[in-house]
Q: 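Pasting a structure below so you can have a look.
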Amino acid sequence: MGTPVLTRLERLPRRGLTVLSLQGLSLLVPGGWSNVTSAEALIESVIGSNDPTLIAQVRARADLLSRARHEGYGRALSVYDAVNRSQHATAGLRVLAGVSAGVPLLKRMADLTPPGDTLQAVDLGLKVSAELLAFTQVNGLPGDSFADFAAALADYGSEARLRMAALVTFDGLLPLGDQALQRLDGLLGQASASQLRQLPAYGRMAGLMPGRGDQAHMGFVRRGVEQWVGWADGLVSQLGLSGQRAVQALETTLGPWQGRMNQLAVFLDAFTDTYAHTGVQAVARRLVERAAAEI
Amino acid sequence: MVMPRPLRWVLALVLAGGLLLGGALLLPFSEWLPGGTVGDVPLQQVVNGSTFNQLFPALDPVFRVTMSQEKRGFSEARLKQGDQLIALLAISDTITAPEALAKFEQAREQLKGWPLVEQGPHASALLVADRFQVKVIEQGNSLDAAHRHDVLEEFDLQGLASLATPVLPRS
């Protein structure tokens, strides 16, 4: 919470696996994606002016806003961070299981780790809910009616298309197959509330979720996913996303991949930060839009 | 040495009080305390963003207004033509940003009697009732200064000015 959002933006990597995999995926998303890591460039693009005094004013206002806990910008980032850490932890376990399965003495390790589809579905569900929570932290509840809120959400979604495409492919299509979105509700139905607790991110997010107890939170996750699946399905058919196409696109930047698709998903989960990376960029943009309006 | 009973009590209270005070001052409790508002202005003094929502320009078949951000003292919308984003529209309460008022002192133009300034080549700002800032920030290149002023006029400025009266809605 201590680091202002724009400082976080400036600390994002300019190259590396995360950036390469996002660049690969952006081949499938019209409009592409540019890796914004400069606060000044972001402010310039919002206010359309490179006047240094204006930029400095926006920057100062943005830092003041992101330091105020009540405004939620910092809280949204801590949700993203929690999800990111959790993703690394679970995927790290699976990588370890994959390695140790080949070593006879360590074979039992492989039995301990839960690579099941249900856990993967719960993980995706938790990420979707994290997105909803972060949206309300950053944007409040815009408008006076549910329709206004839905419109704001859809609008945000189309701005953050690459981010959503990354969520759908890296956490849905690659690990669960091309029917991931159709299977999602069924898989979540089989999942028990205790599987929620296996994911480290849940502990951090539980306090922000409505309702009390794992059961209520599982309900929140399922309702959030229900809302999201329809929209995400539209995105998949509009962009023609599939596991196969995603692998091809990723191969152009990451190099050839010979393993299975769900192994690629585990690899990406373990070694990239796409969710938090694009999350910081999305929050920074909304923050700068507000700061520019308030100076 | 045996201390008299009242002295023991006083000493105990002083020690306990000192411990509490030291804890409150030295330990990083501020993270958990309520507050953390912008510029440390109490929330009750800031007009809630939801009261600004109805004051935005009305829906139009060609230009669409989608609300995008709403916080205390702030509400923002996107002005779109089709799928093209043309401008950001915002109303904010300057009580948390008094430094924003300075630029209106040199304002040469007026719109419906309120001071109007240009901020760079793409943004126009209007100060209503010495308190609320209404701003149109162009995105792309389809809204010159004259058009931005037209958009500013579309806001319910009268309604906005009436919010500045001392009796503020406390929601």
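Residue numbers begin at 1 in each chain, while the letters A, B, ... track the order of the sequences.
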Q: Which of the residues B:Ala90, B:Ala97, B:Gly49 is involved in the greatest number of heavy-atom pairs with chain A at under 4.5 angstrom?
A: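 Going by pairs under 4.5 Å, I would pick B:Ala97.
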Q: Pick from A:Phe135, A:Tyr156, A:Tyr73: which one has the most heavy-atom pairs with chain B under 4.5 Å?
A: A:Tyr73
Q: Does a side-chain heavy-atom distance below 4.5 Å link B:Pro121 with A:Ser49?
A: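 A side-chain contact under 4.5 Å exists here.
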Q: Who wins among B:Arg78, B:Glu138, B:Gln54, B:Glu99 for the most heavy-atom pairs under 4.5 Å with chain A?
A: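 Result: the option with the highest number of such pairs is B:Arg78.
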Q: Report yes if some heavy atom in the side chain of B:Glu70 is under 4.5 Å from a heavy atom in the side chain of A:Asn139; otherwise report no.
A: no
Q: For B:Asp144, does the CG atom have more than 12 heavy-atom neighbours from other residues, nucleotides or ligands under 6.0 Å away?
A: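 Yes, enclosed.
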Q: Counting only heavy atoms closer than 4.5 Å, note whether B:Thr66 contacts chain A via side chain, backbone, both or neither.
A: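 Side chain only.
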Q: Where the side chain of B:His122 meets the backbone of A:Ile47, is there a donor-acceptor pair that is under 3.5 Å apart?
A: no
Q: Within the supplied structure, the quantity of interest is the number of heavy atoms (other residues, nucleotides, ligands) at a distance under 6.0 Å from A:Glu40 CD; does it exceed 12?
A: no
Q: Could you tell me whether a side-chain N or O of B:Gln69 sits under 3.5 Å from a main-chain N or O of A:Arg286, the two making a donor and an acceptor?
A: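 Answer holds: yes.
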Q: Locate the shortest heavy-atom distance separating A:Ala293 from B:Ser92; write the atom from each residue and the value.
A: O-OG, 3.9 Å
Q: Tell me if the NE2 atom of A:His88 is crowded by more than 12 foreign heavy atoms within 6.0 Å.
A: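 Atom NE2 in A:His88 is packed in, count exceeds 12.
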Q: Write down the atom of B:Gln133, the atom of A:Glu294, and the distance for their closest heavy-atom approach.
A: NE2-O, 3.4 Å
Q: Any side-chain donor paired with an acceptor under 3.5 Å for A:Arg61 and B:Thr96?
A: yes
Q: Under a 4.5 Å heavy-atom cutoff, which of B:Phe56, B:Phe52, B:Phe74 has the most pairs with chain A?
A: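 Of B:Phe56, B:Phe52, B:Phe74, B:Phe74 has the most heavy-atom pairs under 4.5 Å with chain A.
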Q: What pairs with B:Lys103 under salt bridge (charged side-chain N to carboxylate O under 4.0 Å, His left out), at least two apart in sequence or on another chain?
A: none
Q: Closest approach of B:Lys71 and A:Glu71, non-hydrogen atoms and distance?
A: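 Looking at all heavy atoms of both residues, the closest pair is NZ-O, 2.7 Å.
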Q: Between chain B and each of A:Ser45, A:Gly48, A:Gly72, A:Ala151, count heavy-atom pairs under 4.5 Å; write down the option with the most.
A: A:Gly48
Q: Please answer whether the main-chain N or O of A:Val46 pairs with a side-chain N or O of B:Gln139 as donor and acceptor at a distance below 3.5 Å.
A: yes
Q: Of all the heavy-atom pairs spanning A:Ile295 and B:Ala100, show the shortest one and how long it is.
A: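 Smallest heavy-atom distance, with atoms named: C-CB, 3.6 Å.
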